[in-house]
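Read through the structure below, which is laid out as structure tokens, and then see the notes.
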Amino acid sequence: MTHTTLWRDARLVTLQPGSAWAPVDDAALLVDAGHIRWVGPLADLPAALAPTIQAEQSLGGAMVTPGLVDCHTHLVYGGHRAAEFELRLQGASYEQIARAGGGILSTVAATRAATEEQLYASALPRARALLAEGVTTLEIKSGYGLSAEHEARCLRVARRLGQTLPVTVRTTSLAAHALPPEYTGQPDAYLDAAIAWLPQLQAAGLVDAVDAFCETIAFSPGQTRRMFDAARALGLPVKLHAEQLSNQHGAALAAGHGALSCDHLEHLDEAGIAAMAAAGTVAVLLPGAFYFLRESRLPPVAALRAAGVPMAIASDHNPGSSPGLSLLLMLNMACTLLRLTPEEAVLGATRHAAAALGLGASHGQLAPGCAADFVAWDLDHPRELAYWFGRNPCRRVVRNGVETCLKDLP
């Protein structure tokens with residue numbers, strides 16, 4: 001028999017579609033085998049369920065939301081790029097640095113030089129920082145190895161983080177991130193090689209989705225299409241770094257492949273928005289990169305909103321363009337910089353972020369059948385998740401029905 005626990009004394013914000021934005025007082029969650037069996041005001045608990053309760057836990061009147069979902073990170077890498085940050089402050093652009101051999105390729109060199117244990121040891125505190133703020137689901141991309149050996153190494157580290165820490169990890173192959181130095185001037189030959197790795201990575205259980213960087217400094221729409229065709233032939237869903245620095249019409253291309261998400265989107269046009277809306281593709285906005293690169297062109301939030309495209313928010317943690325490790329700060333930036341409402345921002349780090357990972361209705365909301373991932377906050381209203389910054393209001397975290405002892409994380 002499974003252990004059924006009633007988590008009571010909650011000010012509950014379920015974030016179910018159509019649910020109220022304000023917390024419901026004196027609410028509870030009935031958790032069985034790591035999933036929510038029932039949720040609602042305690043007074044409405046069905047009498048037939050009461051005999052099944054084997055234990056009770058008080059949430060102390062705290063505001064409770066679904067666990068946060070960080071749906072776009074590059075958490076596994078070697079080194080850092082603080083020197084490039086200084087160069088940009090002196091006037092160099094992200095593109096100029098990349099074309100001079102810096103940027104992604106400098107991280108590739110550092111990542112290749114690191115052992116698997118070193119990569120794990122450096123990624124572990126980054127993951128812990130996100131978990132400490134209520135993240136219970138996390139996407140981790142490869143893309144800093146750019147060879148069969150090193151891409152697999154990074155993805156193994158990502159899987160290991162999910163096995164070591166109380167967090168659900170979804171892994172994404174981003175071999176089409178940049179052209180490695182041994183393939184200089186041979187992008188199509190490199191794509192041939194990267195496509196050939198995919199079946200091996202999939203067979204090893206290392207890949208949940210495939211991503212690409214479609215940009216003037218990375219891969220063309222035609223090359224991106226080749227990678228996506230290969231991924232879909234293997235039954236792997238796709239997503240895309242799209243329209244960050246220019247409009248390559250990558251969003252429409254990705255939507256045509258049924259993409260889970262298109263990410264960044266500062267240069268997204270109406271055709272791309274229409275294609276995403278038709279495909280049900282999530283727009284993942286990355287305010288940390290927008291801020292850190294001092295971009296001035298906003299993603300078309302109002303047009304995405306009008307078209308009914310769901311908007312997610314993620315940290316985009318990476319060493320070059322978004323070295324932040326606070327998803328809560330990204331919620332504030334999404335409101336102050338990108339003009340989202342607090343409700344849109346919170347949904348963007350829960351329900352819509354889960355959709356961007358292909359998790360459907362199983363994560364990002366509190367409803368019967370969902371994973372029992374929830375967070376108790378020292379807050380009165382969910383709008384405060386996007387209001388405060390510089391403090392951590394996370395009081396307690398429960399993942400798969402088991403409370404996480406944050407201070408004892410490995």
Side-chain angles (χ1 to χ4, degrees), residues 5-8 10-25 27-42 44-45 59 62-72 130-131 133-139 166-170 260-261 280-285 305 308-314 327-328 330-331 334 340-377 379 381-386 394 396-404:
T5 301
L6 183 71
W7 294 82
R8 57 185 300 161
R11 303 188 69 240
L12 198 60
V13 184
T14 68
L15 298 182
Q16 295 179 35
S19 65
W21 176 229
V24 176
D25 287 324
L29 305 101
L30 188 63
V31 173
D32 183 20
H35 289 80
I36 297 171
R37 186 172 178 184
W38 175 88
V39 61
L42 183 59
D44 295 344
L45 178 69
L59 289 160
M63 186 189 80
V64 174
T65 72
L68 301 186
V69 179
D70 195 347
C71 64
H72 182 132
L130 293 170
L131 269 59
E133 287 193 347
V135 170
T136 55
T137 302
L138 180 66
E139 187 242 25
V167 63
T168 299
V169 170
R170 302 290 283 181
L260 294 173
S261 73
T281 298
V282 177
V284 178
L285 307 180
R305 184 186 292 132
V309 176
M311 292 179 283
I313 303 298
L327 188 55
L328 293 179
M330 300 305 147
L331 299 188
L340 270 69
T341 68
E343 184 172 6
E344 287 173 330
V346 173
L347 286 171
T350 50
R351 201 171 79 224
H352 295 163
L357 295 182
L359 293 173
S362 68
H363 291 70
Q365 60 179 310
L366 301 177
C370 290
D373 294 356
F374 52 92
V375 181
W377 305 93
L379 301 170
H381 193 282
R383 68 171 68 96
E384 293 181 67
L385 289 168
C394 178
R396 299 170 71 179
V397 178
V398 174
R399 176 182 167 269
N400 288 343
V402 178
E403 184 160 9
T404 298

When rounded to the nearest 0.5 angstrom, what distance separates [atom1] in [X] from [atom2] in [Y]?
X	Y	atom1	atom2	result
Thr341	Met311	OG1	CE	7.5 Å
Leu366	Trp7	CG	CH2	12.5 Å
His35	Asp373	NE2	CG	8.5 Å
Asp70	Glu133	CG	CD	10.0 Å
Leu59	Glu403	CG	CD	8.0 Å
Leu68	Leu130	CG	CG	10.0 Å

Check whether any side-chain heavy atom of [X] lies under 4.5 Å from a side-chain heavy atom of [Y], and answer yes or no.
X	Y	result
Leu260	Val282	no
Arg305	Glu344	yes
Val39	Pro368	yes
Arg351	Pro17	yes
Pro342	Pro382	no
Val402	Pro166	no

Thr404 backbone acceptor or donor facing Arg399 side chain under 3.5 Å: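 Pair absent, no side-chain N/O of Arg399 close to backbone of Thr404.
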Side chain Asp25, main chain Arg11, donor-acceptor under 3.5 Å: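 No, Asp25 side chain to Arg11 backbone: no donor-acceptor pair under 3.5 Å.
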Over all atoms of both residues, closest heavy-atom pair of [X] and [Y]:
X	Y	result
Ser261	Val284	CB-CG2, 3.6 Å
Val24	Pro41	CG1-CG, 4.1 Å
Ala371	Ile36	O-CD1, 3.9 Å
Ala349	Leu331	CB-CD2, 3.6 Å
Gly348	Ala353	O-CB, 3.3 Å
Gly364	Leu15	O-CB, 4.3 Å

Worked check of side-chain contact (heavy atoms from CB on, under 4.5 Å) between Thr65 and Val346: CA-CA 10 Å; Thr65 72; Val346 173; 5.8 Å; no
Trace of the side-chain contact (heavy atoms from CB on, under 4.5 Å) decision for His363 with Leu357: CA-CA 10 Å; His363 291 70; Leu357 295 182; over 6 Å; no
Trace of the side-chain contact (heavy atoms from CB on, under 4.5 Å) decision for Val69 with Thr350: CA-CA 5 Å; Val69 179; Thr350 50; 5.5 Å; no
Member of Val167, Thr168, Val398, Val397 meeting the side chain to side chain contact (heavy atoms under 4.5 Å, CB included) criterion with Thr136: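 The residue from Val167, Thr168, Val398, Val397 that satisfies side chain to side chain contact (heavy atoms under 4.5 Å, CB included) with Thr136 turns out to be Val397.
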Verdict with supporting geometry, Phe374 and Leu12, side-chain contact (heavy atoms from CB on, under 4.5 Å): CA-CA 10 Å; Phe374 52 92; Leu12 198 60; over 6 Å; no
